[in-house]
2 protein chains.
Amino acid sequence: MKKGKATIHDIADKLNITASTVSRALNDNPRISESTKKQVIKMAKQLNYQPNHIASALRSGKSKLIGVVVPTVNRNFFSSIIRGVEEIANGLGYRVIISQSYEDYEKEVETIEALLNARVDGIFASIGKNTSNFEHFQKVLDKNIPLILFDRFTNELEVSQIVIDDYQAAYQVTKHLITQGCSRIVHFTSAKKISIYKDRLRGYEDALRDHNLPIDPLLIEESNMQLEDGRICTENLLKKAVQFDAIFSSSDYAAMGALQVLKEKGFKIPQEVKIAGFGNEPFTSFTDPPITTVDQKAIPMGRVTAETFFATLNNEKTDETQQKTVLKPELIIRQSTQNK
Amino acid sequence: MKKGKATIHDIADKLNITASTVSRALNDNPRISESTKKQVIKMAKQLNYQPNHIASALRSGKSKLIGVVVPTVNRNFFSSIIRGVEEIANGLGYRVIISQSYEDYEKEVETIEALLNARVDGIFASIGKNTSNFEHFQKVLDKNIPLILFDRFTNELEVSQIVIDDYQAAYQVTKHLITQGCSRIVHFTSAKKISIYKDRLRGYEDALRDHNLPIDPLLIEESNMQLEDGRICTENLLKKAVQFDAIFSSSDYAAMGALQVLKEKGFKIPQEVKIAGFGNEPFTSFTDPPITTVDQKAIPMGRVTAETFFATLNNEKTDETQQKTVLKPELIIRQSTQNK
DNA sequence: ATAGTTTATGCTATCGTTTGCGCAATATAT
DNA sequence: ATATATTGCGCAAACGATAGCATAAACTAT
């Protein structure tokens with residue numbers, strides 16, 4: 001009758017039972033007989049009943065909503081993480097609310113606030129580059145709602161984290177370059193104190209050390225790691241006539257910038273200079289030559305993040321167990337670093 | 001006291017007023033005095049009050065949630081649309097729930113159902129490739145919740161649509177190639193009856209016709225338009241010894257496949273064969289040579305979709321006005337089609 | 001000064017589910 | 001046969017916010 005407005009009460013009335021029974025039947029409560037369940041389900045269909053998650057959420061205190069905070073959704077790494085989260089969450093009846101912080105502290109705070117208002121059951125976040133105050137995240141924890149950090153994290157919060165082994169990945173890339181005969185390896189890093197970049201720098205340095213190669217400050221370039229930054233850094237190196245036979249960039253974009261500049265200047269890649277990036281951005285396989293890089297396992301990272309959440313949901317006891325999951329990144333060797 | 005559990009009642013009690021007044025004060029209702037509003041706001045802060053959107057949604061019937069359905073979130077075009085939607089929606093206090101259909105009809109149906117359960121105030125969707133039955137979307141309309149289609153649409157539903165002018169874009173690309181001296185232009189299209197591909201094909205054909213060039217069926221290749229398909233189609237052309245001096249692919253990926261094969265076979269691009277794609281995927285600017293393509297205005301498309309939604313929200317009267325917005329795509333000319 | 005407005009707030013029902021407690025009826029144990 | 005469990009369901013109170021209607025006080029108009 002009334003446009004798709006059937007409630008459990010309507011079902012109850014038709015069947016001469018109460019709403020409680022209908023509710024329990026619909027939730028497959030063992031205290032309801034099979035025959036009643038059958039009838040309820042049948043009548044629900046007949047009346048075109050649509051469960052109201054909002055009402056359910058209010059009463060039960062569980063919204064079945066998960067908030068995911070990323071700097072931006074239109075970057076492959078983050079959208080792939082979201083995909084991973086969705087794969088797990090949707091299967092368990094949870095929906096995902098996306099929020100972008102745009103690397104902006106204010107926005108990040110607002111976004112967390114909005115998610116809290118929406119009464120999400122959990123928040124997964126990757127911290128913005130400019131965030132150094134974590135009160136908004138602490139607030140989430142104070143309200144006892146699970147917070148899980150992925151990729152970009154901080155040790156100032158007692159939460160579970162899902163990251164990849166940046167150190168190991170950088171070590172491997174550097175070692176690979178050394179194996180290919182390089183000894184003057186440039187490293188592009190970020191000025192920020194973000195741990196992922198620090199870890200990669202350490203991996204780079206340790207690999208050099210372990211292979212008895214000097215760590216030359218002249219070979220380490222700091223920037224924002226965008227494509228243009230990669231170009232500028234490379235030009236600087238050339239201008240300063242720094243000798244180098246490889247570039248290991250902590251970002252695929254900066255690696256691309258380097259590749260462009262070097263090709264423009266007539267350098268043969270990989271014969272004269274080898275180039276490796278980080279992130280396995282989709283474009284790296286389409287460049288000429290394709291760029292060696294590190295896959296950050298975005299989809300698995302999203303999956304694991306969600307799985308970690310659901311695991312703690314069940315083990316209510318151990319909700320204090322903050323655990324750190326370190327995923328193994330994958331070195332993807334392409335032509336930009338291979339001797340023919 | 002009780003962990004972040006303050007409600008408007010708690011605020012009301014402390015101030016010796018009623019919850020209604022608090023609710024109105026918080027919503028800036030003009031019937032509440034400024035002094036009371038001030039007190040309420042102050043007390044809300046003091047008690048660390050957190051609005052409960054769920055309760056509000058139940059009572060008011062407005063969840064302030066928007067459901068966005070895309071085939072997959074980890075493709076630049078779609079994630080950029082989501083970004084555009086978010087930009088507008090968040091500013092107006094709405095949150096966005098993402099759902100992926102994975103180009104799977106069943107998933108698409110499920111996803112719509114879940115969004116309906118979540119009581120979203122509106123649904124924005126791009127139809128899956130394999131969807132030919134639209135009952136699930138019709139159900140949304142029957143429940144009187146606004147549905148807006150973007151990019152991939154159907155005329156079987158009476159809804160507002162946001163698309164780009166695929167015909168015009170294809171016409172321009174083809175004309176550009178002709179201007180560059182090409183006369184044997186290959187077109188890669190999709191076998192599906194999806195309108196965007198049909199429109200692009202029409203644009204291609206009309207441009208040829210308008211320039212007195214023949215439409216040669218041998219030059220039209222149908223496939224799924226992935227990179228591998230582009231490779232195969234190109235190899236087919238070469239195998240069949242079809243003469244051509246340009247390829248206009250309805251997909252950047254297939255264009256990339258063509259570029260790879262042609263380069264491998266020793267063709268000079270753009271001197272011997274010019275290549276143009278469609279979509280402005282990020283990688284197209286990084287290939288060698290960079291590929292001419294069409295920007296589909298993803299972010300604006302997302303913004304307009306959201307704006308269309310909010311516009312109809314306000315003009316309750318005209319909620320029957322289904323409107324079709326056609327965005328103007330942008331031809332991005334790069335080296336792959338330019339004579340030196 | 002009396003009636004009519006306006007202003008600021010209170011009362012109370014309601015949105016649709018869930019859930020603890022209670023109770024009858026049937027089943028099981030002694 | 002009596003006491004105890006178990007099964008199946010109803011009652012009614014939430015969950016937290018909103019909104020229509022009512023009302024008291026203060027103000028304006030005649």
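Nothing here was measured: the structure is a model prediction, and the numbers come from that model.
- Between the side chain of B:Ser126 and the backbone N or O of B:Phe150, at least one donor-acceptor pair lies under 3.5 Å.
- Between the NE2 atom of A:His9 and the C1' atom of C:dC15 there is a distance of 11 Å, given to the nearest Å.
- Distance, B:Lys62 NZ to D:dG16 C1': 19 Å, rounded to whole Å.
- Here the side chains of B:Ile145 and B:Val120 are in contact, with some heavy-atom distance below 4.5 Å.
- The separation between A:Asn52 atom CG and C:dT14 atom P is 17 Å, rounded to whole Å.
- Rounded to an integer number of Å, the gap from CG of A:Leu15 to P of D:dG8 is 16 Å.
- Evaluation of the ring-ring contact (aromatic ring centres under 6.0 Å, His included) test over residues 78-127 of chain B, restricted to residues two or more places apart or in two chains, returns B:Tyr94-B:Phe310, B:Tyr105-B:His136, B:Phe124-B:Phe309.
- The distance between atom CG of A:Asn29 and atom P of C:dT18, rounded to the nearest whole Å, is 11 Å.
- Residues satisfying the side-chain contact (heavy atoms from CB on, under 4.5 Å) test with B:Ser63, not counting sequence neighbours, are A:Ile54, B:Ala57, B:Leu65, B:Asp121.
- A donor-acceptor contact shorter than 3.5 Å links the side chain of A:Glu103 to the backbone of A:Lys129.
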Under 4.0 Å protein heavy-atom contacts per nucleotide of nucleotides 19-27 of chain C, with B for base, S for backbone only and - for none: BB-------
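- For A:Thr21, the side-chain contact (heavy atoms from CB on, under 4.5 Å) criterion is met by A:Ile17, A:Thr18, A:Ile32, A:Thr36, not counting sequence neighbours.
- Contacts of B:Ile17 with the nucleic acid, taken as non-hydrogen atoms under 4.0 Å apart, involve only primed sugar atoms and P, OP1 or OP2.
- Bending across the helix from C:dA1-D:dT30 to C:dT30-D:dA1, expressed as the angle between its end axes from five pairs apiece, amounts to 30° (10° rounding).
- The NZ-P distance, from A:Lys5 to C:dG16, rounds to 7 Å in whole Å.
- Remark: A:Ser56 is in phosphate contact with C:dT18, judged by side-chain N or O atoms under 4.0 Å from OP1 or OP2.
- A distance of 8.0 Å separates CD1 in A:Ile162 from CE in A:Met301, rounded to the nearest 0.5 Å.
- Taking atom CG on B:Asn117 and atom P on C:dG16, their separation rounds to 14 Å, with Å as the unit.
- Listed pair A:Ser33 / D:dT7 fails the phosphate criterion, with no side-chain N or O lying under 4.0 Å from OP1 or OP2.
- A distance-only check finds a donor-acceptor pair linking the side chain of A:Gln161 to the backbone of A:Thr154 [under 3.5 Å].
- For B:Glu34 and C:dT7, the CD to C1' distance is 13 Å, given to the nearest whole Å.
- When each of D:dG16, C:dT18, C:dT9 is scored by its nearest atom to the side-chain atoms of B:Ala55, the top-ranked nucleotide is D:dG16.
- Under the side-chain contact (heavy atoms from CB on, under 4.5 Å) criterion, B:Ser80 pairs with A:Asn74, B:Asn76, B:Ala298, B:Ile299, not counting sequence neighbours.
- Checking the phosphate oxygens (OP1, OP2) of C:dG10, a side-chain nitrogen or oxygen of B:Thr18 falls inside 4.0 Å.
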